[in-house]
Student: 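Let me give you the structure first, and then I'll get to my questions.
Quick note on labels: first sequence line is chain A, next is B, and so on, each numbered from 1.
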2 protein chains.
Amino acid sequence: MLPTIKWENNKVIMIDQRKLPFKEIYLELNSYHEVAEAISNMTIRGAPAIGIAAAFGIALGVLKLNDGENYIEKFYDICEVFKKTRPTAKNLFWAIDRIKRVFESNKNLPLKVIKEKIIEEALLIEKEDIEINKKISENGERLIKKEEKILTHCNAGELATGGFGTAIGVIKSAFYNGKKIKVYVDETRPFLQGARLTCWELKKAGIPHVLITDNMAGWLMKKGKITCVIVGADRIASNGDTANKIGTYSLAILAKEHGIPFYVAAPLSTIDFSIGTGEEIPIEERNKKEVLEINSISIAPEGTEAENPAFDVTPSSFITAIITEKGVVRKPYLKSLKKLKEVS
Amino acid sequence: MLPTIKWENNKVIMIDQRKLPFKEIYLELNSYHEVAEAISNMTIRGAPAIGIAAAFGIALGVLKLNDGENYIEKFYDICEVFKKTRPTAKNLFWAIDRIKRVFESNKNLPLKVIKEKIIEEALLIEKEDIEINKKISENGERLIKKEEKILTHCNAGELATGGFGTAIGVIKSAFYNGKKIKVYVDETRPFLQGARLTCWELKKAGIPHVLITDNMAGWLMKKGKITCVIVGADRIASNGDTANKIGTYSLAILAKEHGIPFYVAAPLSTIDFSIGTGEEIPIEERNKKEVLEINSISIAPEGTEAENPAFDVTPSSFITAIITEKGVVRKPYLKSLKKLKEVS
């Protein structure tokens, strides 16, 4: 399998996640506008993958800057375009900031060199993400018992990252280490990332899995069919409150009610140390058509109103542990996350 | 709007609920086999409506019995066919038993008279159901505050009953009494009864409503957007444990977590006094294709496994009140439901 996203011959190649699992189409994007649009319309999604896409996208934009124009201003304009693609995932802003720092510390060098440095940094973000995911997976794997029935929501796998995945990375590591794993995959309406993307990845990895509708999770927990929950994250506040795909919050409450561990797996780049609690995380409200239609076919009467918050925030009190590349941390997260930051 | 189901010229007419809201097709069923199949394949669904359909279906079957054959045995065979259509809804078995009692108390009369008595009883079940729903709605309406944002799951409206509805009946009564009502409609995967049927009914009734995916309910409760939950029921045990559409159990836990009342509205015919707790309620596992496809289009890779429990059981401890035609009862349900039975 090709990676989710790659930089090739000064172009950005990405698999169109809207078409999976039925069509494996790789898009070749030549302009930063196309990359920004691909993030907005969820051709590519998943917090770490969005970060890489933004870095690659800015690099594409920078490549086309010319000495004759006010390229400093134009650089910041390009960054602004990416900032506006999606509001929730911290990794997007984190990646933009990394590219900005490289630009700023090299801005007195010739534009040609700046371009090289920025492409280098974007490629480094991608490379590091894969390494980070492997570390997250190793760290998280130790939490998984010899036999485990794991519920996951949305897709926090290869497709959501530079490679290997976060939550699904943990699952894969446990499976590859010989643990007996069965995965329950929430279909994850409205975009069906679970049904379309997670099932596709688990099938390729040969990991036993069962698709369920989102409203079945509680009942399966009650029946003892689920022994832990692992999800990814889009933004984690200093106190551990975690924004992730809509439905995650409900799963955390259900896990608590049934005494089942609830794990979040994410890189440090997902942690937003600038905010105290989840209250400050902006929640994207997406087009209501995503709720009113499936496969472009209406599921409700014409004119029906809908809400479509793309994320929710799980209070840290519901989270058993947060799995990062620097280790697994537990409550109180304000302290344990801060400590992680200091060692990194 | 025509009723969900009616008896006309010795035929059964019903709206095809699989095609709603996009096509309003009324089917004319001429044999009991067709009616049984319509129950099994969810052309008609909703516990009270299933009860009426079974009564009408048996009446259709009885109409075709002849003096020359062993019609007593054949009558019981017909009843057995209906018993096997769906396992969970109590109203199905309750209606079959009512028809059986009429048959048994008249079996010495001429077959022609037996036929008349059975059709009469089936029509009475239908007529009573509408009256019962109106009483449920009046009783439940008193629980609704002047301004309420109500979450409902699946469809417990006109389409699920002989008319008016149970949970949606309560909502309609409150709205017609001038209360300020906004309904959040869970889409209710996999069959989408919320999106397809409840939105259709609420639109016709002019009641403001918003469609959400099933996984959004918890987050909307957290944000204060939902002030109470009302659902129907498929079977209620003596202790108040309630089987209803898959997802109901999770909603009850979420409502408790957020301090929101959780109401069940159902006729006494839904209560199964022969069983002590919800543990004894048989839960139908339906075809996994319902989960793997939407509108006959696959949503997951080929060969994906799925589970499809059609119902779950909400322990009575999570239920704020059960609304019946004889009044609203509260904990302890073993006592309060028994009392209801005695007065009826």
Student: Is Leu254(A) close to Ile253(B) at the side-chain level, that is, under 4.5 Å between some pair of heavy atoms?
Tutor: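 Of all side-chain heavy-atom pairs linking Leu254(A) with Ile253(B), at least one is under 4.5 Å.
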Student: Could you tell me the separation between the CD atom of Glu305(A) and the NZ atom of Lys203(B), rounded to the nearest 0.5 Å?
Tutor: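 That separation rounds to 11.5 Å.
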Student: Do Glu290(A) and Thr213(B) come close enough that some side-chain heavy atom pair is under 4.5 Å?
Tutor: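 Of all side-chain heavy-atom pairs linking Thr213(B) with Glu290(A), none is under 4.5 Å.
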Student: What's the separation between atom NZ in Lys223(A) and atom CG in Asp312(B), rounded to the nearest 0.5 Å?
Tutor: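 Lys223(A) atom NZ to Asp312(B) atom CG measures 10.0 Å (nearest 0.5 Å).
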Student: Are Ile294(B) and Ile297(A) side-chain neighbours, meaning at least one heavy-atom pair lies under 4.5 Å?
Tutor: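 In short, these two side chains do not touch, never coming nearer than 4.5 Å.
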Student: Less than 4.5 Å to any heavy atom of chain B: does that hold for the side chain of Tyr184(A), its backbone, both, or neither?
Tutor: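 Only the side chain of Tyr184(A) comes within 4.5 Å of chain B.
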Student: If you tally heavy-atom pairs under 4.5 Å against chain A, which of Gly218(B), Gly303(B), Ala217(B), Pro208(B) wins?
Tutor: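 Going by pairs under 4.5 Å, I would pick Gly218(B).
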Student: Which atoms of Pro301(A) are under 4.5 Å from chain B, going by heavy atoms: the side chain, the backbone, both sets, or neither?
Tutor: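 Interface part for Pro301(A): both.
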Student: Which region of Phe22(B), side chain (C-beta onward) or backbone (N, CA, C, O), has a non-hydrogen atom less than 4.5 Å from a non-hydrogen atom of chain A, or is it both or neither?
Tutor: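 The answer is the side chain of Phe22(B).
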Student: Looking at Glu279(B), I want to see if its CD is surrounded by more than 12 non-hydrogen atoms of other residues, nucleotides or ligands under 6.0 Å.
Tutor: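 For Glu279(B), atom CD is not crowded (no more than 12 foreign heavy atoms under 6.0 Å).
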Student: Would you call Glu187(A) and Ile299(B) a side-chain contact if the rule is heavy atoms closer than 4.5 Å?
Tutor: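 They are in side-chain contact.
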Student: Would you check if Asn295(B) and Asn295(A) make a side-chain contact, meaning some heavy-atom pair closer than 4.5 Å?
Tutor: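 Result no, sub-4.5 Å side-chain heavy-atom pair not found.
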Student: So do Val313(A) and Lys222(B) actually touch side chain to side chain, heavy atoms under 4.5 Å?
Tutor: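 They are not in side-chain contact.
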Student: As a quick check of understanding, evaluate side-chain contact (heavy atoms from CB on, under 4.5 Å) for Leu220(B) and Glu307(A), giving each step before the final call.
Tutor: CA-CA 10 Å; Leu220(B) 296 180; Glu307(A) 292 200 15; 3.6 Å; yes
Student: Which bit of Ser298(A) comes within less than 4.5 Å of chain B, counting heavy atoms only: side chain, backbone, both or neither?
Tutor: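 Contact with chain B involves both backbone and side-chain atoms of Ser298(A).
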Student: Are Met216(A) and Arg189(B) packed together at the side-chain level, in the sense that at least one heavy-atom pair is separated by less than 4.5 angstrom?
Tutor: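 No, their side chains stay 4.5 Å or more apart.
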Student: With chain A, which of Ile246(B), Leu202(B), Asn308(B), Leu192(B) has the greatest number of heavy-atom pairs at distances under 4.5 Å?
Tutor: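 Heavy-atom pair counts peak at Ile246(B).
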Student: With a 4.5 angstrom heavy-atom cut-off, could you sort out which part of Asn215(A) is near chain B: side chain, backbone, both or neither?
Tutor: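 For Asn215(A), backbone and side chain are both near chain B.
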Student: Indicate yes or no: at least one non-hydrogen side-chain atom of Trp219(B) is less than 4.5 angstrom from one of Ile283(A).
Tutor: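 Touching, per the 4.5 Å side-chain cut-off.
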Student: Check the pair Leu292(B) / Leu211(A) against side-chain contact (heavy atoms from CB on, under 4.5 Å), numbers first and verdict last.
Tutor: CA-CA 8 Å; Leu292(B) 294 168; Leu211(A) 180 64; 3.8 Å; yes
Student: Heavy-atom pairs under 4.5 Å with chain B are the metric here; pick the option from Cys199(A), Gly247(A), Ala195(A), Pro309(A) that has the most.
Tutor: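 The residue among Cys199(A), Gly247(A), Ala195(A), Pro309(A) with the greatest pair count is Ala195(A).
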Student: In terms of heavy-atom proximity below 4.5 Å to chain B, should Lys288(A) be classed as side chain, backbone, both, or neither?
Tutor: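 Neither the backbone nor the side chain of Lys288(A) comes within 4.5 Å of chain B.
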Student: Can you say whether Leu197(A) sits under 4.5 Å from chain B via the side chain, the backbone, both, or neither, judging by heavy atoms?
Tutor: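 Looking at Leu197(A), nothing touches chain B.
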Student: Using heavy-atom distances under 4.5 Å, tell me whether Thr198(B) contacts chain A through its side chain, its backbone, both, or neither.
Tutor: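 For Thr198(B), neither part sits under 4.5 Å from chain A.
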Student: Of all of Lys245(B), Met221(B), His153(B), Glu302(B), which one pairs up most often with chain A through heavy atoms under 4.5 Å apart?
Tutor: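 Top option by heavy-atom pairs under 4.5 Å: Glu302(B).
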